[in-house]
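Sequence lines set the chain letters: A, B, ... in the order given, protein chains first and strands last, and positions in each chain run from 1.
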Amino acid sequence: MQYNYKEIESKWQKIWDEKKPFAAKQDYTLPKYFSLVEFPYPSGQGLHVGHPRPYTALDIVSRKKRMQGYNVLFPMGWDAFGLPTENYAIKNKIHPRIVTENNVARFKSQLKALGLSFDWDREINTTDPEYYKWTQWIFLQLFKKGLAYKKEMAVNFCTSCKVVLANEEVVNGVCERCASAVIRKVKSQWMLRITEYADRLISDLDGLDYIERVKTQQINWIGKSYGAEVDFATTAGDTLTVYTTRCDTLFGATYMVIAPEHAYVEKWAPKLENYAEVVAYREAAGKKSDFERTELAKEKTGVMLKGVKAINPVNGKEIPIFISDYVLAGYGTGAIMAVPAHDERDWDFAKKFGLPIIEVVAGGDVQNEAFVDVETGKLVNSDFLNGMEVADAKEAMAAFLEEKGIGKKKVNFKLRDWVFSRQRYWGEPIPLVECEKCGWVAIPEEELPLRLPEVESYEPTETGESPLSMMTDWVNCTCPQCGGKAKRETDTMPQWAGSSWYFLRYCDPHNDKALASKEALEYWMPVDWYNGGMEHTTLHLLYSRFWAKFLFDIDVLACKEPYAKRTSHGMILGENGEKMSKSRGNVVNPDDIVRDYGADTMRLYEMFIGDFEKAAPWNPQSIKGCKRFLERFLDLSEIAAGEGVTPELEKVFHKTIKKVTADIDNMKFNTAIAAMMALVNTITEVGKITRCELSTFAKLLSPFAPHVAEEVYEMMGGKGLVSIAPWPTYDESKTVDDTVDFPVQINGKVRAVVAIPAAADKDGILAAVKADEKIAAALAGKTIVKEIVVPGKIVNIVVK
RNA sequence: GCGGGCGUGGCGGAACUGGCAGACGCGCCAGACUUAGGAUCUGGUAUCUCCGAUGUGCAGGUUCAAGUCCUGUCGCCCGCACCA
């Protein structure tokens, strides 16, 4: 039969558009299923073949759930604020709103061509004032609860473009666009206190069905560590506090290191004999990012502070103090005690600067390498700690420090607060004003949305301020609290803001009274299955969990976690096995595949390409295998005849239904397709199939290749749409065979395969095995040492 | 550097809690049909010194049995906080 995919696809897409079988129902008494994919950033390049992989996967999940009777919410929208659009707008002098509209239109038509079962009535766009009204509203609640605050932060500033640059725009220390020098400029920025939620963001992961690597990566990113703060007196007469996770090694501290930005550098300036050298080092360090600084591959650098020494509180020894960029100002207290014998970085530094290395935990050879094992060693050279194990020594030392009033136990997090300001145009305006008298004041909620004003130029200003700062009419306003003179905040929010709560808006996207109604949120939330890229694990995923927890705390949301289940897909790579990118020239456009093979083949290939969780290279040759499968499936309609079951096919049908059902739940889309390919092969061999069997097959295939499935279902006389027909069920007893082929090993090598009734017990199996000619021959004259029988699996006979 | 992950035929991959390595597909080979084939169908296809042995990045180990577990090692990929 001719496979006219163009005709079939446009026919069914039109019917779906008219009948809206995929619209989520307003009936809150039905069992619900909320499946979510990360909404895309509508870039100028359009969709590439990487996008449809997760979309198709969750489309399959959603379609199956619908067929299983769930009220499914499977929505789509646009995360449309952001840097590339703004940069394109500046370059081409087109309003970013227009750029966004064009990009969205293109993305939408590309997605629609794939037959994805999104509920388009619930489409959202983060740049829509009716949407960002609620992004601003959430920010105001955070502000009112004291979770938003101002802080001086270093930003990247291009000396030539006069623009604050994102880290990504800084390449090898220079501006990506003009290659001019980038300096670190201190600016006052809005911050969100995500660190207040650090503990809950770890502990609440417990009951969640997240894939393990996502959980561990989040936990490690938050980086909770149990340690102690220890006060060191200095010869300058003050106290230097350090954070350490190894207070047990205090007797081995032979020097100290403070971050180049540590406030004490200035405080001690008059006492420092080599102040100029110290400042020069600090300036050099200031040019590097944290990432560059902590790279260990580089040689350790640093400068000793001449003129001030610290005193080790447990033994009274004077030890030198260095500044070095391997200590970060933002973590702990920005100062460490260095124990070169038991820390690799300290060891490297000590070797380079010729500092003493004192062993305090026995078990290694500390003159040759740092001994960092905390499990086996015992304390030495440590006075009252001698002979203790590390864990006990930590406790003893912490107690000692506390008693002496020179230290205390302290929990620290690697997680830092969220920098929320951007000196950019294309983002949500921050709805605050700064009053001369009242300070920072929230604008009244009824004034939301605070619309992004029209400006003539989207270019940031000479000083690096947002372009909004040029709009004096807009900036100058009155204080809502006292009526006095005030100025609006001109920074905008980061792109992360809109994507931190978008899934809530899908529950009730047209609500103008609230971000969504309470009933809608209670019914739909939490998201039952959220799939997205691994690259979002530490930022977007954490930010959105933080916001959801906050909304739970202020009684907007009834669940404390937004996502019940989180999975992650692998990347689709170019044909050469490298990441697809314009510069590498290996980008594949899904439009071409849909044109040449059809959407069903495209969907099938994206799912058949490999393990959903792993990266896989695109192979244009392999696509045709999927198309052949669909053609052969379509051809079955020519041999389909009669009703009831075909005895030769009955078991394979039950097995296939079982496998496909389980595989979809387990994200094994590739093996589900393989099973259906095998089913076509079997049916073709048998040479017959009934009409109702083919209808069942169409149902099984419909989540994967919905257009072809609808077509065949209709030909078989199916009523209504296969897309919402009941999902096939199977009979467990019909999925097992009467006899099992047992591989029989002798000394671990397979010598025969013996067919044995499935019901046979261990003795029966052994008897049948020994009756086999080949086995009997192999056993002749040997002594049996051991007989292993694994029912249903294997027999192994060990002989001498 | 830190954190997370991956490594199986010519290629993409399959293999449940350790139990016949290579399902399914691509490619390739042979045949059929054909004026024609980059269409379709049928059969074959891990490697080798091919009655037998060897094979899951590499080197060890545990086990009756290891792709799967353990130790070490090499290579590749993702993230690192203002890209989304």
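Heavy atoms of A:Leu415 sit under 4.0 angstrom from at least one base atom. At the heavy-atom level, A:Ser421 lies under 4.0 Å from base atoms of the strands shown. Within the 4.0 angstrom heavy-atom criterion, no nucleotide atom of any strand lies near A:Met676. Across all strands, A:Lys414 comes closer than 4.0 Å to base atoms (heavy-atom distances).
Exactly one of A:Trp496, A:Trp426, A:Tyr502 qualifies for a ring-ring contact (aromatic ring centres under 6.0 Å, His included) with A:Phe81. That residue is A:Trp426.
A:Trp221 has its CH2 atom 13 Å from the P atom of B:G4, to the nearest Å. Taking atom CG of A:Leu542 as the reference point, atom C1' of B:G79 lies 13 Å away to the nearest angstrom. Look at NZ on A:Lys579: it is 6 Å from P on B:C78, rounded to the nearest Å.
B:G57 sits 41 Å from B:A39 when the C1' atoms are compared, rounded to a whole Å. Nucleotides B:G22 and B:G27 have their C1' atoms positioned 16 Å apart, rounded to a whole Å. With both ends at atom P, the span from B:G61 to B:U56 equals 15 Å, rounded to whole Å.
Every pair passing side-chain hydrogen bond (donor to acceptor under 3.5 Å, both in side chains) that includes a residue from residues 782-800 of chain A is listed here, sequence neighbours excluded: A:Lys770-A:Glu787. Note on residues 605-618 of chain A: pairs passing side-chain hydrogen bond (donor to acceptor under 3.5 Å, both in side chains), not counting sequence neighbours, are A:Arg213-A:Glu613.
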Next on the checklist: Give the dot-bracket line for RNA chain B from 5' end to 3' end: parentheses for intra-strand Watson-Crick or G-U pairs under 3.5 Å, square brackets for crossings, | for inter-strand pairing, dots for unpaired.
Outcome noted: (((((((..(((......[....)))((((((.......))))))(((...)))..(((((..]....))))))))))))....
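A sub-4.0 Å separation between OP1 or OP2 of B:C64 and a side-chain N or O of A:Lys786 is present. Regarding contacts with the backbone of B:G25, every side-chain N or O of A:Asn619 stays at 4.0 angstrom or more from both OP1 and OP2. Contact annotation: A:Gln621 side-chain N/O to B:G27 OP1/OP2 distance is under 4.0 Å. For A:Lys624, a side-chain nitrogen or oxygen approaches OP1 or OP2 of B:G27 to under 4.0 Å. OP1 or OP2 of B:U54 has at least one side-chain nitrogen or oxygen of A:Lys749 nearer than 4.0 Å.
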Name the atoms and distances for all side-chain donor-acceptor pairs under 3.5 Å in residues 669-676 of chain A, with sequence neighbours left out.
| unit_1 | atom_1 | unit_2 | atom_2 | d |
| --- | --- | --- | --- | --- |
| A:Thr671 | OG1 | A:Asp663 | OD2 | 2.9 |
| A:Thr671 | OG1 | A:Lys668 | O | 3.1 |

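Evaluation of the side chain to side chain donor-acceptor pair (under 3.5 Å) rule for A:Lys215 yields no partner, not counting sequence neighbours. Every residue meeting the side chain to side chain donor-acceptor pair (under 3.5 Å) condition with A:Tyr243, not counting sequence neighbours, appears here in chain and number order: A:Ser225. With sequence neighbours left out, A:Asn666 forms a side chain to side chain donor-acceptor pair (under 3.5 Å) with no residue at all. Annotation: side chain to side chain contact (heavy atoms under 4.5 Å, CB included) contacts of A:Asp596 (sequence neighbours excluded): none.
A cation-pi contact links A:Lys300 to A:Tyr326, judged by a cut-off of 6.0 Å to the six-membered ring centre and 45° from its axis. Remark: A:Arg566 is not positioned above the aromatic ring of A:Tyr210, lacking an NZ or CZ atom under 6.0 angstrom from the ring centre and at most 45 degrees off the axis. Cation-pi check for A:Arg184 over A:Phe157 is not met; the charged atom does not lie both under 6.0 angstrom from the ring centroid and within 45 degrees of its normal.
Here the side chain of A:Ser622 is nearest to one of B:C24, B:C26, B:G13, namely B:C26. When distances run from any side-chain atom of A:Asn681 to the nucleotides B:C24, B:C82, B:A81, the shortest one goes to B:C24. When distances run from any side-chain atom of A:Glu535 to the nucleotides B:A53, B:G4, B:C78, the shortest one goes to B:C78.
Using a 90° window around 0 for the glycosidic torsion, B:G9 falls inside it and is classed as syn.
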Checklist entry - In B/S/- notation, 5' to 3', how is nucleotides 16-23 of chain B contacted by protein heavy atoms closer than 4.0 Å? => result BB-BB--B
Item to check | Where protein sits on nucleotides 41-49 of chain B, one letter per nucleotide: B base, S sugar-phosphate only, - none, heavy atoms under 4.0 Å | outcome: S--------
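Looking at A:Gln745, its side chain never comes within 3.5 Å of a backbone N or O of A:Asn747 through a donor-acceptor pair. Looking at A:Asp737, its side chain never comes within 3.5 Å of a backbone N or O of A:Thr739 through a donor-acceptor pair.
Between A:Leu541 and A:Tyr530 there is a side-chain heavy-atom pair separated by less than 4.5 Å.
Salt-bridge formation is detected for the pair A:Arg424/A:Glu86: a Lys NZ or Arg NE/NH1/NH2 atom is positioned less than 4.0 Å from an Asp or Glu carboxylate oxygen. A salt bridge is absent between A:Asp772 and A:Lys774: the closest approach of a Lys/Arg side-chain nitrogen to an acidic carboxylate oxygen does not fall below 4.0 angstrom.
Using a 4.0 Å cutoff on non-hydrogen atoms, the parts of residues 41-56 of chain A near RNA chain B are A:Tyr41, ordered by number. Of the residues in residues 79-87 of chain A, those placing a heavy atom less than 4.0 Å from an atom of RNA chain B are A:Asp79, A:Gly82, A:Leu83, in numerical order.
Other residues, nucleotides and ligands contribute only 12 or fewer heavy atoms inside 6.0 Å of the OH atom of A:Tyr88.
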